Amino acid sequence: MTAQLLTTLATELNLAKLPHHVAVIMDGNGRWAKQKGLPRIEGHRQGAKTLKEMLRYCKDLGIKILTAYAFSTENWGRPTGEVNFLMALFERLLQKELKEMEAEEVCINFIGDLSPLPTSLQQEMRHSMERTKNNQGVYFNVAINYGSRHEMVKACQAIAEKVQLGELSADSINEETIAQHLYTSASADPDLLIRTSGEMRLSNFLLWQLAYTEIYVTDTLWPDFNHQQFDRALQSYQKRDRRFGKKIG
Ligand code: IPE
Ligand code: IPE
Ligand code: MG
């Protein structure tokens, strides 16, 4: 048992009642850097370390799926220097961490429209997905150039095409059909969504998939989000009464 897991047990987490799938909006990198008088990119660099720690901790606890929002379809609107830094950071991280992900039984998957990303980054992404596709330790979905509305438009187009080809009839389309055409078709919906840095919004993240997800917002900035903070989020989750529209009690 790892030292981290022992720390968790000390905080009285119910290990039998953990979420199966945790999604995270990793926000506040820029503010973290600003508070320290550093350039924004230092916040992103530190944020990547936080994500690595969180993934390891999920695996130690037995949380099966972690989905992280790394770059939104709207984030292209940031200064070119920041966008370029992020693309280079993603590529470098994939090169650096692949061996360890393989050893740790991580199955990495990217969600989002990958086609506008730099070709060399797309290659690293495909390579890491291919190399880890049979791993079952922890499923790690990284949302890059992800936008929920764009995802739904793509799903509608794919479904409409099947109808047009006569493979599907319009009245047989149901919730399952739509879910099957989203990037997340292989994963169950998230049980818990964590957003750091205090913002109370979804910012175009998993709008369909979060229909009944428990939401936890913390003021902590993403680079400062550590095991103790995660324990707090999990403890909050364990106190929730997930009713799914049914009656109380
Ligand atoms: C989240 O941190 C990382 C990305 C969106 C890529 P931000 O860069 O949004 O940090 P703030 O919100 O400006 O502090
Ligand atoms: C959401 O954060 C996107 C990611 C964490 C990748 P943003 O910082 O882009 O969201 P807004 O602009 O505050 O809504
Ligand atoms: Mg932000």
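The model shown is predicted, which means the values in this text are computed figures rather than measured ones. In each ligand, atom 1 is the first atom listed, and ligand 1 is the first ligand listed.
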For Gly28 and ligand 1, answer yes if some heavy atom of the residue is under 4.0 Å from a ligand atom, otherwise no. yes
So is Arg40 touching ligand 1 or not, going by heavy atoms under 4.0 Å? yes
Same apolar cluster (I L V M F W Y, side chains within < 4.5 Å links), Tyr183/Tyr69: yes
Is there a chain of hydrophobic side chains (I, L, V, M, F, W, Y, each step under 4.5 Å between heavy atoms) that links Ile111 to Leu51? no
Protein contact of atom 12 (O) of ligand 2 - nearest heavy atom, named by residue and atom, plus distance: Arg201 NH2, 4.6 Å
In this structure, atom 10 (O) of ligand 1 is nearest to the protein heavy atom Gly30 N, 2.9 Å
Any idea which part of [X] is under 4.0 Å from ligand 2, heavy-atom wise: side chain, backbone, both or neither?
| X | result |
| --- | --- |
| Glu74 | neither |
| Ala70 | backbone |
| Phe71 | backbone |

N-O pairing of Glu100 and Arg56 below 4.0 Å: yes
Tell me whether Arg45 is salt-bridged to Glu42, with the criterion being a basic N under 4.0 Å from an acidic carboxylate O. yes
Counting heavy atoms only, name the option from Asn75, Asn29, Thr196 that's nearest to atom 9 (O) of ligand 2. Asn75
Below 4.0 Å from ligand 2: does a non-hydrogen atom of Arg31 turn up there or not? no
Without hydrogens or angle criteria, can the side chains of Arg31 and Ser197 be said to hold a donor-acceptor pair below 3.5 Å? yes
Answer side chain, backbone, both or neither: which part of Lys34 comes under 4.0 Å from ligand 1, heavy atoms only. neither
Measure Met26 to ligand 1 on non-hydrogen atoms and call it side chain, backbone, both or neither using the 4.0 Å cut-off. backbone
Can you check whether [X] has an N/O within less than 3.5 Å of an N/O in ligand 1?
| X | result |
| --- | --- |
| Leu86 | no |
| Arg78 | yes |
| Trp32 | no |

Identified side-chain hydrogen bond (donor to acceptor under 3.5 Å, both in side chains) partner of His181 from the options Lys162, Lys154, Glu151, Glu176: Lys162
If you draw a 6.0 Å radius around [atom1] in [X], do more than 12 non-hydrogen atoms from other residues or ligands fall strictly inside?
| X | atom1 | value |
| --- | --- | --- |
| Gln164 | CD | no |
| Glu74 | CD | yes |
| Arg242 | CZ | yes |

Answer yes or no: does an N/O atom from Ser203 fall short of 3.5 Å to an N/O atom of ligand 2? yes
Under 3.5 Å between any N/O of Asp27 and any N/O of ligand 2: does that happen in this structure? yes
Here the pair of heavy atoms bringing Ala70 nearest to Ile144 is CB-CG1, 4.0 Å
Could you tell me which atoms of ligand 2, counted from 1 in the order shown, lie closer than 4.0 angstrom to a heavy atom of Arg195? 2 (O), 10 (O), 11 (P), 13 (O), 14 (O)
Do side-chain atoms of Lys64 reach the backbone of Gly137 as a donor and acceptor pair under 3.5 angstrom? yes
Is Asp27 close enough to the Mg ion (ligand 3) that one of its N, O or S atoms comes in under 2.8 Å? yes
